[in-house]
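Note sheet for the following structure.
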Amino acid sequence: MRFKLTIEYDGTPFCGWQRQAHDLSVQQVLEDAIHKFSGETVTLHVAGRTDAGVHARANVAHFDLVKETDADTVRDAVNFHVRPHRVVIREVEAVSEEFHARFSAQARSYQYTILNRRAPPALLADQVWHVAKPLKFIAMQEAANMLIGHHDFSTFRAQHCQSNSSLKTLDRLDISAEGEIITFYTRARSFLYHQVRNMVGTLALVGTGQWSLDDFKTAFAARDRSKGGPTAPPQGLVFWEVYYPGD
């Protein structure tokens, strides 16, 4: 049977999603938990491979199991065996063999959070990027609007990106502000490596007034990572959701 998992996790203690030889990953603790309840060694295929320190609200993975069981049992058993790690299976669904967590996905979304105040965070230290300088929300949204649509995103592409092309179609990049919290929500079929964090880091330069809108436009048009702004830190990023046909 093939099972689809909707996964929530705090990425703080992990080296990222992908299993590594010498560091603890989200994939490892989940595959180990599945082995403990089923006795089978499985491989999880995931919609989005998050980096170290990046969180997930509803990442999606699938795996195949020989053992006869049901979705509720898989959810409860994995959640039992994955403890004490801050990883939770929110939902499990039995799916057909045609379903693939990565290749069946039609879109993915991320949310990035900035805490914009002078004092550093205590409770939210592992969940936000602290920016002490006041950010101009409207200017950042005007710059963000330049990124919507089909473009070459080389300015926001990390050096070790394995994507075949830097051309991507950005469906949404919405910025909202509520008190000290500034939130960036973005959606696309797929993203380049570090694209979201690089876009946020560059937009923050506009927000602080270090860059004008023309500076941002010039950097984007340069199609050169060295012309872009800094990479925003990982803890503010959450893999928000995956969208499949029929959602």
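Because the structure is predicted, anything quoted here is derived from the model rather than measured. The chain is numbered in sequence order, starting from 1.
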Under 3.5 Å side-chain donor-acceptor pair for Arg49 and Gln18: yes

When you compare the side chains of Thr208 and Gln210, does any donor N or O come within less than 3.5 Å of an acceptor on the partner? yes

Nearest heavy-atom neighbours spanning Val87 and Val82: O-CG1, 3.3 Å

Show me, pair by pair, the donor-acceptor contacts under 3.5 angstrom made by side chains of residues 132-147, not counting sequence neighbours?
from	atom 1	to	atom 2	distance (Å)
Gln141	OE1	Ile175	N	2.8
Gln141	NE2	Asn145	OD1	2.9
Gln141	NE2	Leu173	O	3.1
Asn145	ND2	Gln141	O	3.3

Under a 4.5 Å cut-off applied to non-hydrogen side-chain atoms, are Leu237 and Val196 in contact? yes

Take Tyr193 and Gln159 through the test side chain to side chain contact (heavy atoms under 4.5 Å, CB included) and record every step on the way to the result. CA-CA 8 Å; Tyr193 185 47; Gln159 180 180 1; over 6 Å; no

Contacts of type side-chain hydrogen bond (donor to acceptor under 3.5 Å, both in side chains), residue Gln20, not counting sequence neighbours: none

Can you name the side-chain hydrogen bond (donor to acceptor under 3.5 Å, both in side chains) partners of Tyr110, sequence neighbours left out? none

May I ask whether Val74 and Val60 are part of the same hydrophobic cluster, defined by side-chain heavy atoms of I, L, V, M, F, W, Y residues being less than 4.5 angstrom apart, directly or through others? no

Taking Phe99 as the starting point, is it possible to reach Phe3 by hopping between hydrophobic residues whose side chains are less than 4.5 Å apart? no

State which residues pass side-chain contact (heavy atoms from CB on, under 4.5 Å) with Asp70; sequence neighbours excluded, sorted by chain then number. Asp72, Thr73

Checking Arg189 against Tyr243: charged group under 6.0 Å from the ring centre and within 45 degrees of the axis? no

For Ser154 against Arg223, the heavy-atom pair lying closest together: CB-O, 3.3 Å

Does a salt bridge link Glu97 with Arg2, judged by any charged N lying under 4.0 Å from a carboxylate O? no

Report the residues that fulfil side-chain contact (heavy atoms from CB on, under 4.5 Å) with Arg57, sequence neighbours left out, ordered by chain and then residue number. Arg90, Val238, Trp240, Glu241

Would you say His150 has more than 12 foreign heavy atoms packed within less than 6.0 Å of its NE2? yes

Near Arg19 CZ, under 6.0 Å, is it more than 12 heavy atoms from other residues, nucleotides or ligands? yes

Under the side-chain contact (heavy atoms from CB on, under 4.5 Å) test, which residues partner Asp126, sequence neighbours left out? Thr12

For His62, check ring pair (Phe, Tyr, Trp, His ring centres under 6.0 Å) against everything at least two apart and list the hits. His45, His100

Within the 4.5 Å heavy-atom criterion, are Arg225 and Thr231 side-chain neighbours or not? yes

Could you work out, with side-chain contact (heavy atoms from CB on, under 4.5 Å) as the rule, every residue matching Lys67, not counting sequence neighbours? Phe37, Ser38, Glu40, Leu65

Please say yes or no: joined through hydrophobic side-chain contacts below 4.5 Å, possibly via intermediate residues, are Tyr9 and Leu30 part of one cluster? yes

side-chain hydrogen bond (donor to acceptor under 3.5 Å, both in side chains) with Gln111: which residues, sequence neighbours excluded? none

Going by the rule ring pair (Phe, Tyr, Trp, His ring centres under 6.0 Å), which residues pair with Tyr112 if we only count those two or more places apart in sequence or in a different chain? none

Closest non-hydrogen atom pair between Lys227 and Ala222, with its separation: CG-CB, 3.8 Å

Out of curiosity, Ile148 CD1 to Leu170 CG, how far, rounded to the nearest 0.5 Å? 4.5 Å

How close do Gly228 and Thr202 get, counting heavy atoms only, and between which atoms? C-OG1, 4.0 Å

At what distance, to the nearest 0.5 angstrom, does CD1 of Ile34 lie from CZ of Phe63? 4.0 Å

Using the rule that two of Ile, Leu, Val, Met, Phe, Trp, Tyr join whenever any of their side-chain heavy atoms come within less than 4.5 Å, decide whether Tyr185 and Leu203 are in one cluster. no

Looking at residues at least two apart in the chain, or sitting in another chain, which of them share a salt bridge (charged side-chain N to carboxylate O under 4.0 Å, His left out) with Arg102? none

Taking only residues two or more places apart in sequence, or in another chain, which ones meet His151 in a ring pair (Phe, Tyr, Trp, His ring centres under 6.0 Å)? Phe153, Phe220

For Thr218 and Asp215, does a side-chain donor sit closer than 3.5 Å to a side-chain acceptor? no

